[in-house]
Amino acid sequence: MYKNIVIILAAGRGLRFENETPKAFVKISGRPVLSHTLQKFDQHKEIDGIIIVTQSPLLKLCEDLILEEGFKKVLKIIPGGEARQDSTWAGLKACAEFNPKNVLVHDAVRPFISPRIISAVIKALGKFSAVDVAIPTPDTLIKVDSRKVIRDIPERKYILRGQTPQGFHFQTLMKAHELSRKEHFKDVTDDCGLVLKYKLGDILVVDGEDGNIKITYPLDIHIADKIFQVGSVNSQELGGVALKLRGKNILIFGQSSGIGKEIYEICKSSKANVVGYSSSTADITDYHKVREVLDEFVKNFGKIDILISTAAILKRGNLVESNFSDIDRQISVNYISQVNLVREAFPLMISGGSIALFASSSYTRGRGTYSIYSSTKAAIVNFVQAVSEEFAKDKIRINVICPDRTNTRMRWRNFGKEPLKYLLDPKIVAEITLKACLSDFTGQVINIRNENY
């Protein structure tokens, strides 16, 4: 049964985009914008099917993209019309044979749509026949006449900026489009406008997000690329992931203290097949030792389901006052060893494995007195984002855990005593790390925030 189907509108010609490539197929973070958008809906548990509406010359390109990316929920790829309204109508007709209860309509060029918004729209459709998504406007809006003379300044609290997806009971939106086509009415910019014109029911507005941007102008591509560079998932989005660790084969590096120790204890109490190593039992800078440890683990358990490395070194000091051996050691442990670890583990992780490495809030902007540590953590994020694409076809997921300052021995040594309310509990970080490893996410920075900070 197809309860919730989403129509992805990718037929726009991008007249404001000033680019020969249709904006839904321009690449950001190494993939077409459309791929990022489809992934959000394909992975959402409440979405049962996807209809893609695009330009006729792009149908084959869409088909190839679906096959290459392995999206499972795409039901049809169809040609759209001259205007947005015509493309939505084409999508609705394609939906008809599946007889969905609800239909969502989303712009292909909004790749940052969050699972929370999708869920909120679907939930609202339990009580309303039409749902819009919007955010407050931070700017004062003015209404002018043809001479550009101000005629009105609306009260800002009642003016919102619309986003997508918009959600509807399927029959409600069908009726709205049938009425508009009968009257040849096309003076509307979105589907909620038709429901409003024909008085087919109240339209509820659910909260959108500032990050749910629409790529319209060339500058937006650069903004989107930057968002992907520092893009992240809030740990709250992992709330529904169950810690089903029993029988999982889990290998941990950095197990002797802090977050690594808590991860090990949770895995042990959950009856996972877990093995942990500290720097004293397995020096990860020793390539041959790493290979030996991985081979031994696979010999005992058959495969690696989850690989986690919390191993890191932080030694504060101004760059010009640091000796080369300290610099070299930090780069080796924090970056080069992590790369080698992932590289060697890959062939030993049979389809479905998961890897978690660790970053720091300092990865987004380097911090004085620990420039080497900050830069290695930025490198880890970039590395994970890149290899997540390489590993996708083998169903191996890899993410970066990025906690706020945490109550660990490494923290004490470098920053001294701090109020505990400003430090995360390493056990909480450990639980979220394991949830991330069990989730469908890949190539993401998993932010773990302290609300007191």
Review point. So, does T54 use its side chain to make a donor-acceptor pair with the main chain of A10 at under 3.5 Å?
Key: yes
Point to revise | S119 side chain reached by H44 side chain, heavy atoms, under 4.5 Å | key: yes
Point to revise | Short side-chain to backbone donor-acceptor contact, N212 and Q163, under 3.5 Å | key: no
Practice item. For the pair D295 and K299, evaluate salt bridge (Lys or Arg N to Asp or Glu O under 4.0 Å) and give the outcome as yes or no after the intermediate values. Key: CA-CA 6 Å; D295 286 343; K299 181 180 178 182; over 6 Å; no
Exercise for review: Could you please spell out the steps behind the side-chain hydrogen bond (donor to acceptor under 3.5 Å, both in side chains) verdict for S362 and R367?
Suggested key: CA-CA 6 Å; S362 65; R367 306 287 198 268; 5.5 Å; no
Review point. Does K289 offer a backbone N or O that forms a donor-acceptor pair with the side chain of D286 under 3.5 Å?
Key: yes
Practice item. For residues K377 and A312, report the shortest heavy-atom separation together with the two atoms involved. Key: NZ-CB, 3.7 Å
**Study point:** Beyond-backbone contact of I401 with N447, side-chain heavy atoms, under 4.5 angstrom
**Key:** no
**Study point:** Residue pair Y370 / L314, side-chain heavy-atom distance below 4.5 Å
**Key:** yes
Review point. Tell me, do S375 and Y335 make a side-chain contact under 4.5 Å, heavy atoms counted?
Key: no
Check your understanding: Are more than 12 heavy atoms from other residues, nucleotides or ligands located less than 6.0 Å from atom NZ of K73?
Key -> yes
Check your understanding: Does the Q338 side chain pair with the main chain of F383, one donor and one acceptor, at a distance under 3.5 Å?
Key -> no
Check your understanding: What's the verdict on side chain to side chain contact (heavy atoms under 4.5 Å, CB included) for I308 and L251, showing C-alpha distance, side-chain angles and the deciding distance?
Key -> CA-CA 6 Å; I308 299 171; L251 183 56; over 6 Å; no
Point to revise | Full working for side chain to side chain contact (heavy atoms under 4.5 Å, CB included) between I331 and I336 | key: CA-CA 7 Å; I331 295 172; I336 296 173; 4.1 Å; yes
Point to revise | Straight-line distance of F346 CZ to E390 CD, nearest 0.5 Å | key: 8.5 Å
Exercise for review: Considering only NZ, NE, NH1 and NH2 on the basic side and carboxylate oxygens on the acidic side, decide whether D220 and K23 come within less than 4.0 Å.
Suggested key: no
Review point. Is any side-chain N of the basic residue among R31 and E69 closer than 4.0 Å to the acidic one's carboxylate O?
Key: yes
Exercise for review: Could you tell me whether R411 sits above the aromatic face of F415, with NZ or CZ closer than 6.0 angstrom to the six-membered ring centre and within 45 degrees of the axis?
Suggested key: yes
Check your understanding: What closest approach, in Å, do C62 and L34 show between heavy atoms, and which atom pair accounts for it?
Key -> SG-CD2, 3.8 Å
**Study point:** Rounded distance (nearest 0.5 Å) linking atom CG of L104 with atom CD1 of I7
**Key:** 9.0 Å
Check your understanding: Looking just at side-chain N and O atoms, do R246 and S270 make a donor-acceptor pair shorter than 3.5 Å?
Key -> no
Check your understanding: Is any side-chain heavy atom of P138 closer than 4.5 Å to a side-chain heavy atom of R161?
Key -> yes
Contacts under 3.5 angstrom, residues 124-134 side chains, donor-acceptor by atom type, not counting sequence neighbours:
unit_1, atom_1, unit_2, atom_2, d
D132, OD1, Q166, NE2, 3.2
D132, OD2, Q166, NE2, 3.4

Check your understanding: Do you know which two heavy atoms are closest between I448 and L424, and how far apart they sit?
Key -> O-CD1, 3.5 Å
Check your understanding: Does a side-chain N-to-carboxylate-O contact under 4.0 Å join D326 and K315?
Key -> yes
**Study point:** Short side-chain to backbone donor-acceptor contact, K40 and P111, under 3.5 Å
**Key:** yes
Review point. Under a 4.5 Å cut-off applied to non-hydrogen side-chain atoms, are V103 and V6 in contact?
Key: no
Check your understanding: Is any NZ, NE, NH1 or NH2 atom of the basic residue among D190 and R84 found under 4.0 Å from an Asp or Glu carboxylate oxygen of the other?
Key -> no
Practice item. Take E418 and R405 through the salt bridge (Lys or Arg N to Asp or Glu O under 4.0 Å) test and state the conclusion after the steps. Key: CA-CA 10 Å; E418 299 170 286; R405 52 181 68 173; 3.7 Å; yes
Review point. Stepwise, does the side-chain hydrogen bond (donor to acceptor under 3.5 Å, both in side chains) test hold for T408 with T406?
Key: CA-CA 6 Å; T408 64; T406 306; over 6 Å; no
Exercise for review: Could you tell me whether the side chain of N414 and the main chain of M410 form a donor-acceptor pair under 3.5 Å?
Suggested key: yes
Exercise for review: Compare every heavy atom of S439 with every heavy atom of L238, then report the nearest pair and how far apart it is.
Suggested key: CD2-CB, 3.7 Å
Check your understanding: Between the side chains of Y287 and E344, is a donor N or O closer than 3.5 angstrom to an acceptor N or O?
Key -> yes
Review point. Are any of the side-chain heavy atoms of I122 and I47 separated by less than 4.5 Å?
Key: yes
Point to revise | Donor on one side chain, acceptor on other, D440 and Q43, under 3.5 Å | key: no
Revision key, fill the gap. Output for pair (M349 CE, I398 CD1), nearest 0.5 Å, gives 8.5 Å
Review point. Are the side chain of N318 and the backbone of V320 linked by a donor-acceptor contact shorter than 3.5 Å?
Key: no
Review point. Do S114 side-chain atoms and I117 backbone N/O form a donor-acceptor pair below 3.5 Å?
Key: yes
Just list the side-chain donor-acceptor pairs under 3.5 Å for residues 253-265, sequence neighbours left out, or say none.
unit_1, atom_1, unit_2, atom_2, d
S257, OG, R409, NH2, 3.4

**Study point:** Note, I223 side chain near I213 side chain (heavy atom, < 4.5 Å)
**Key:** yes
Exercise for review: Enter the distance from T137:OG1 to K157:NZ here, rounded to the nearest 0.5 Å.
Suggested key: 15.5 Å
Check your understanding: What distance separates T285 OG1 from N334 CG, expressed to the nearest 0.5 Å?
Key -> 11.5 Å
**Study point:** S280 side chain to S278 side chain, donor-acceptor N/O pair below 3.5 angstrom
**Key:** yes
Point to revise | Side-chain donor/acceptor of S374 to backbone N/O of S371, under 3.5 Å | key: no
**Study point:** Verdict with reasoning, L61 to F25, per side chain to side chain contact (heavy atoms under 4.5 Å, CB included)
**Key:** CA-CA 9 Å; L61 185 59; F25 293 89; 3.5 Å; yes
Check your understanding: Nearest heavy-atom pair of D283 and V290: which atoms, and what distance?
Key -> O-CG2, 4.3 Å
Check your understanding: Yes or no on salt bridge (Lys or Arg N to Asp or Glu O under 4.0 Å) for R449 and D404, after CA distance, side-chain angles and deciding distance?
Key -> CA-CA 6 Å; R449 298 296 181 231; D404 278 345; 3.0 Å; yes
Review point. Is the CZ atom of R343 crowded by more than 12 outside heavy atoms at less than 6.0 Å?
Key: no
Practice item. Return the set of residues passing side-chain contact (heavy atoms from CB on, under 4.5 Å) with D305 (not counting sequence neighbours), or none when no residue passes. Key: K248, N249, K303
Practice item. Begin from the C-alpha positions of E46 and K123 and carry the test salt bridge (Lys or Arg N to Asp or Glu O under 4.0 Å) through to its verdict. Key: CA-CA 10 Å; E46 294 177 278; K123 182 179 180 180; over 6 Å; no
**Study point:** CG-CD1 distance between L65 and I77, expressed to the nearest 0.5 angstrom
**Key:** 8.5 Å
Exercise for review: Go through the steps for T164 and I113 under the test side chain to side chain contact (heavy atoms under 4.5 Å, CB included), then give the verdict.
Suggested key: CA-CA 8 Å; T164 64; I113 177 65; over 6 Å; no
Review point. Shortest non-hydrogen contact from F358 to V400?
Key: C-CG1, 4.0 Å
